[in-house]
There are 2 protein chains.
Amino acid sequence: MSRATPKKNVAERIASTLKSAIVRGRFQPGAALPSERELAEQYDVNRSSIREAMKRLEGWGLVTIRHGGATRVTEFLLNAGLSVLPELLESGGQLGTSVLGDLHELRGLLLGWSAEQAARRADPSSVARLDELARRLSEPKLKPAEAQALDYDFFEQLVAITGNQLLVLFSRVVRDIYFRAPERFLPLYRPDVFDAGHHRRAVAAIKARDVKVAGDTMRAHAASALTLLRKETA
Amino acid sequence: MSRATPKKNVAERIASTLKSAIVRGRFQPGAALPSERELAEQYDVNRSSIREAMKRLEGWGLVTIRHGGATRVTEFLLNAGLSVLPELLESGGQLGTSVLGDLHELRGLLLGWSAEQAARRADPSSVARLDELARRLSEPKLKPAEAQALDYDFFEQLVAITGNQLLVLFSRVVRDIYFRAPERFLPLYRPDVFDAGHHRRAVAAIKARDVKVAGDTMRAHAASALTLLRKETA
DNA sequence: CCTGCTAACTGGTCGGACCAGTCATGAGCC
DNA sequence: GGCTCATGACTGGTCCGACCAGTTAGCAGG
């Protein structure tokens, strides 16, 4: 492990370690963790630090702490919320890859719907911003990482136009997950495969208030990306 | 149940209090919170408890803690993730109501897509479960609260069928938000307005592998609910 | 005016004490 | 035997007071 413990805080480091251990199944769901005092001795830190780490794990939704009883791994990881997703992705393997696909699938759904909404209600200045992003995405000498960032900006701008605050929050969560391991998506943005045509056509459709074309175009973009992704990881 | 937030833990109570204060703007974004020692004295608890509360706030994404520097409210609340949504909803007012609509809007999007996916790939046992839920939803003497719970089970079952793990996680977050203030949605399930017809027709369409009808039916269900909701809160 | 040291903050860690729930155990009773 | 319930050895929760470790503002000296 090259980056053994690149965290700063003791508590953070320990929380991170335990998180990995739990996600990787070293502690089965429902199983009890060692007591705080035990862990403190084990990691050679003060109990306060262990407590902080525990609180963090509880915050992730990974464990359930009960006063008097043992601290146990949450029964179903699915209850755990989204904070464990980076681990799932990084752990590679079957699950990681499938979640990766899921992420893109969801992104496609949201992209399509947002584009439809945008075609219905976008104001001129919002459209101008989209236009600008599509233009920059079309520049010939664009590096993959830049294209990726711009593509995501485009997504967020589209989401912002929908006016759905909740969706904005969700998309930020998605972005967090996404940019935790951006390199896994970089192949999608190689100059020889990435094509900004969808973006340009979608913007045109939004300008023309063509709801169906706007949605379908962005869905097509996401679908082709998903296909490519599945081919890359196969 | 009056307010007063009768939480159990000291740290939890304080974190809750501060969360409300921040969300309601008592501390502006970027502003520094009082130091841990000050807060400890102010709330008449030990600094450890304040620290735990702080860690929790940091976990919510509400504040940024810097060793040596002050603890400040995160610059943009939008970065704060979903944990603050219940506060936004409970705070009532303009924002609360609009987020409420957003929630239903998103739910409609996910419902429609999930139904489409289900029509493509549902296995017999999953369909049987949906069928059972639709049947129970059609019972004449159903109480609103029961209908609400069943409706949500239906939603989750549909989401499970899509096989998208990420979506499952998202829908759990949505459910958490939703059932934090279920009574706000109860009017939708009054016997005189709630109609399980959409559910039954959607299940039939899924059985028949009719992708379009399945999706449209659930979207229609969500749309009518949204209309009703906007009428109620108007 | 600027530089750089210093002192007074901030949060981070420590350890050790005690309070407060939980749970397995086993004595006592039916 | 099988049940009830006291009890003590766990568990986590809170407190104290000390010290370590960064940050920052202000002041002395250039």
Side-chain angles (χ1 to χ4, degrees), chain A residues 4-19 21-22 26-75 79-80, chain B residues 4-19 21-22 26-75 79-80:
Chain A
T5 43
K7 302 290 161 66
K8 7 200 258 180
N9 294 352
V10 176
E12 205 168 328
R13 198 181 64 233
I14 291 175
S16 219
T17 303
L18 288 175
K19 174 159 74 164
I22 290 171
R26 184 153 154 9
F27 298 101
Q28 293 299 321
L33 257 54
S35 76
E36 295 181 350
R37 288 168 239 264
E38 253 178 275
L39 285 171
E41 192 174 355
Q42 199 170 314
Y43 286 97
D44 196 35
V45 298
N46 190 273
R47 194 179 143 215
S48 318
S49 305
I50 295 292
R51 279 184 62 70
E52 283 199 0
M54 288 312 193
K55 289 299 178 186
R56 212 167 289 227
L57 288 178
E58 192 191 26
W60 304 152
L62 282 175
V63 302
T64 307
I65 303 178
R66 268 177 54 247
H67 185 181
T71 295
R72 298 178 172 280
V73 175
T74 300
E75 199 57 56
N79 282 321
Chain B
T5 42
K7 301 288 166 63
K8 4 202 261 182
N9 293 351
V10 176
E12 205 168 329
R13 199 182 62 235
I14 292 175
S16 221
T17 304
L18 288 175
K19 173 160 73 165
I22 291 172
R26 185 155 151 8
F27 296 102
Q28 293 300 321
L33 258 54
S35 77
E36 295 182 349
R37 288 170 239 265
E38 252 179 276
L39 286 170
E41 192 175 354
Q42 199 170 314
Y43 285 97
D44 195 35
V45 298
N46 191 272
R47 193 178 144 216
S48 317
S49 304
I50 295 291
R51 279 184 62 70
E52 283 200 1
M54 287 311 190
K55 289 300 177 185
R56 213 166 290 227
L57 289 178
E58 192 190 26
W60 303 151
L62 283 175
V63 302
T64 306
I65 304 178
R66 267 176 55 249
H67 186 182
T71 295
R72 298 177 172 281
V73 175
T74 299
E75 200 57 55
N79 282 321

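In what follows, chains are A, B, ... by sequence order, proteins preceding strands, each numbered from 1.
- Donor-acceptor pairing under 3.5 Å, judged by distance alone, is absent between the side chain of A:H67 and the base of C:dG21.
- Rounded to whole Å, the distance from OH on B:Y43 to P on D:dC15 is 14 Å.
- When the nucleotides C:dC14, C:dG12, C:dT13 are ranked by their closest atom to the side chain of A:V45, C:dC14 comes out on top.
- For the pair A:R51 CZ and C:dG12 P, the interatomic distance rounds to 16 Å; values are reported in whole Å.
- Interatomic distance, CD of B:E58 versus CD of A:E12, reported as 7.0 Å (0.5 Å rounding).
- Of the two residues near DNA chain D, B:E52 and B:R37, the one whose nearest nucleotide lies more 5' is B:E52.
- Contact check, B:N46 against D:dT14: no side-chain N or O comes under 4.0 Å of OP1 or OP2.
- The minimum heavy-atom distance linking A:I14 with A:A53 is given by the pair CG2-CB, 4.0 Å.
- Atom CD of B:E41 has 12 or fewer neighbouring heavy atoms from other residues, nucleotides or ligands inside a 6.0 Å radius.
- Between B:S49 and the phosphate of D:dC15, there is a side-chain N or O to OP1/OP2 separation shorter than 4.0 Å.
- Between A:S49 and A:V10, the shortest heavy-atom contact is CB-CG1, 4.1 Å.
- Put simply, CD on A:E38 is 11 Å from C1' on D:dC10, counting in whole angstrom units.
- Atom-to-atom, CD1 of B:I14 to P of D:dG13 comes out at 15 Å; the value is rounded to the nearest Å.
- Residue B:L33 contributes atom CG, which lies 13 Å from atom C1' of C:dT10 at whole-angstrom precision.
- Note on B:S48: a base of the nucleic acid sits closer than 4.0 angstrom, heavy atoms only.
- The distance from atom CD of B:E36 to atom P of D:dA21 is 17 Å, rounded to the nearest whole Å.
- The phosphate of D:dC10 has neither OP1 nor OP2 within less than 4.0 Å of any side-chain N or O from A:S35.
- Annotation for A:T74 and A:V63: closest pair OG1-N, 3.3 Å, computed over non-hydrogen atoms.
- Counting non-hydrogen atoms under 4.0 angstrom, A:R66 reaches the backbone sugars and phosphates but no base.
- Residue B:R47 contributes atom CZ, which lies 7 Å from atom P of C:dG11 at whole-angstrom precision.
- The distance from atom CG of A:L39 to atom C1' of C:dT13 is 17 Å, rounded to the nearest whole Å.
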